[in-house]
Amino acid sequence: MVPSSVYQSRVWFITGCSSGFGRALAETVLERGERVVLTARNLQNVENLATSFANQTLAVQLDVTKPEEVQQAVKQAIAKFGHIDILVNNAGYGTLGAIEEVSDKAVRRQFETNVFGVLEMLRVVLPYMRQQRSGHILNISSEAAFVVGAGAGIYCSTKFALEGTSEALAKEVAPLGIKVTIVEPGSFRTDFVTRSLVVCDTRIKDYETATENLRQIVQDIQDFKIEEQGDPKKAALAMIQAVDCENPPLRLALGADAISGINNKLESIKAELDAWKEVSVNTTFDQVVANKTRSNAIL
Ligand SMILES: NC(=O)c1ccc[n+]([C@@H]2O[C@H](COP(=O)([O-])OP(=O)(O)OC[C@H]3O[C@@H](n4cnc5c(N)ncnc54)[C@H](OP(=O)(O)O)[C@@H]3O)[C@@H](O)[C@H]2O)c1
């Protein structure tokens with residue numbers, strides 16, 4: 001149990017607080033008496049939250065693809081609160097389209113937000129966390145970093161990138177007292193499908209069958225025929241639980257769909273590894289000199 005005095009002094013910096021996970025998390029920690037740097041591309045979208053919790057918030061305009069805004073936002077946060085304890089890299093959006101259908105420009109834009117935006121946040125916040133020898137970084141990834149659907153490859157690849165970055169980062173910053181948790185939600189009822197999904201204009205007939213399933217699910221959600229099961233408020237509570245515990249997980253899957261999807265993926269990888277093991281291991285030099293070869297690949 002974390003004492004309430006700790007809550008009152010903790011400072012969260014959350015990207016993308018206008019809706020969904022970012023908003024739910026900001027509301028929940030504010031209700032518990034913690035302090036939050038509320039960030040949004042359009043400050044009007046966090047105005048009511050900032051007004052309701054005026055003594056606990058700093059509202060700052062932040063588009064994570066603009067390095068000068070990242071620097072300014074963090075500078076203002078430090079000037080107001082003196083420290084940042086928890087950084088939540090939440091801002092993100094999706095792209096719907098087969099790999100060949102998505103233009104180079106759209107791919108780069110997708111990586112600018114979901115990957116390079118996170119990297120910029122890390123470069124600006126980590127010096128403060130390293131100095132204070134404490135901090136916790138939550139990177140909002142997705143079940144999509146494991147379960148890859150046809151038509152979602154570009155979005156999924158950004159989350160794969162985030163997973164690799166986060167795993168290495170966790171090892172790099174652990175000795176400095178900083179923790180990293182990768183959050184992997186399944187399907188949650190946020191604005192993601194209705195507002196934060198860019199559907200690629202280009203359609204290539206050959207991919208229609210492969211991408212039809214995903215396009216239909218998206219359409220059904222947008223037409224309110226089906227609803228996502230996950231509750232962002234409960235996701236927020238789960239994230240807070242992970243932050244509060246002494247040994248937080250490296251990965252936190254959220255939702256029964258995420259658990260079963262990730263489990264299925266791990267099992268299928270294991271089955272394929274086993275099936276092709278003979279072929280895989282038969283690739284070493286015939287004469288291997290003991291003590292001169294590395295047993296674990298790093299690169
Ligand atoms: N909902 C799900 O089922 C689900 C599942 C797995 C992972 N996720 C991940 O959860 C995260 C949050 O999404 P959500 O589901 O909460 O959807 P959401 O309600 O649509 O929220 C997305 C947030 O990201 C912000 N954003 C997008 N691009 C930005 C940028 N360049 N700079 C700053 N903010 C930006 C949006 O701001 P604006 O209001 O300005 O657009 C909005 O606040 C995303 O990283 C997403 O990939 C969602």
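Since this is a predicted model, take the numbers as computed values, not measurements. Read the numbers this way: they start at 1 and go in the same order the structure lists the ligands and their atoms.
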Should one rank G22, A91, A40 by closest heavy-atom distance to atom 35 (C) of ligand 1, which comes out on top?
->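 Selected option, by shortest heavy-atom distance: A91.
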Check each atom of ligand 1 against the heavy atoms of [X] and keep those under 4.0 Å away; list them by number with element.
X    : answer
S187 : 3 (O)
S196 : 18 (P), 20 (O), 22 (C)
G20  : 16 (O), 19 (O)
G186 : 2 (C), 3 (O), 4 (C), 5 (C), 6 (C)
S142 : 6 (C), 7 (C)
L62  : 32 (N), 33 (C)

Answer with side chain, backbone, both or neither: which part of [X] has a heavy atom less than 4.0 angstrom from an atom of ligand 1?
X    : result
T15  : neither
A144 : neither
N90  : both
K159 : side chain
R195 : side chain

Does a side chain donor of either D63 or T65 reach within less than 3.5 Å of an acceptor in the other side chain?
-> yes
Check: N45/S18 side-chain N/O donor and acceptor closer than 3.5 Å =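 There is no such pair (donor and acceptor under 3.5 Å, judged by atom type) between the side chains of N45 and S18.
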Begin from the C-alpha positions of Y207 and E100 and carry the test side-chain hydrogen bond (donor to acceptor under 3.5 Å, both in side chains) through to its verdict.
-> CA-CA 9 Å; Y207 296 118; E100 195 187 334; 2.4 Å; yes
Where is the nearest protein heavy atom to [atom]: which residue, which atom, and how far?
atom                    : answer
atom 42 (C) of ligand 1 : S18 OG, 3.4 Å
atom 47 (O) of ligand 1 : Y155 OH, 2.6 Å
atom 19 (O) of ligand 1 : S19 OG, 2.8 Å
atom 15 (O) of ligand 1 : T190 OG1, 2.6 Å
atom 31 (N) of ligand 1 : D63 OD1, 3.0 Å
atom 27 (C) of ligand 1 : R41 NH2, 3.5 Å
atom 16 (O) of ligand 1 : F21 N, 2.9 Å
atom 24 (O) of ligand 1 : G92 N, 3.3 Å

Decide if atom CD of E208 counts as having more than 12 heavy atoms of other residues, nucleotides or ligands within a radius under 6.0 Å.
->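 Count over threshold, so yes.
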Should we say atom CG of N282 is surrounded by more than 12 heavy atoms from elsewhere, each under 6.0 Å from it?
-> yes
Could you tell me whether the side chain of Y93 and the main chain of Q110 form a donor-acceptor pair under 3.5 Å?
-> yes
Working for side chain to side chain contact (heavy atoms under 4.5 Å, CB included), residues M121 and T15 = CA-CA 9 Å; M121 283 304 311; T15 66; 4.1 Å; yes
Would you mind telling me which of L38, V88, V74, D85 makes a side chain to side chain contact (heavy atoms under 4.5 Å, CB included) with F13?
->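 Single pass found, and it is V74.
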Are R109 and D104 within salt-bridge range, i.e. N to O under 4.0 Å?
-> no
Salt bridge or not for E167 and R251, using N-O below 4.0 Å?
->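 Yes, this pair counts.
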Under a 4.5 Å cut-off applied to non-hydrogen side-chain atoms, are K159 and F146 in contact?
->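 K159 vs F146: side chains apart.
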Should P185 be counted as touching ligand 1, given the test is an N or O pair under 3.5 Å?
->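 Looking only at distances, the answer is no, because the N/O contact criterion of under 3.5 Å is not met.
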Could you give the distance from CG (L252) to CG (L138), rounded to the nearest 0.5 Å?
-> 8.5 Å
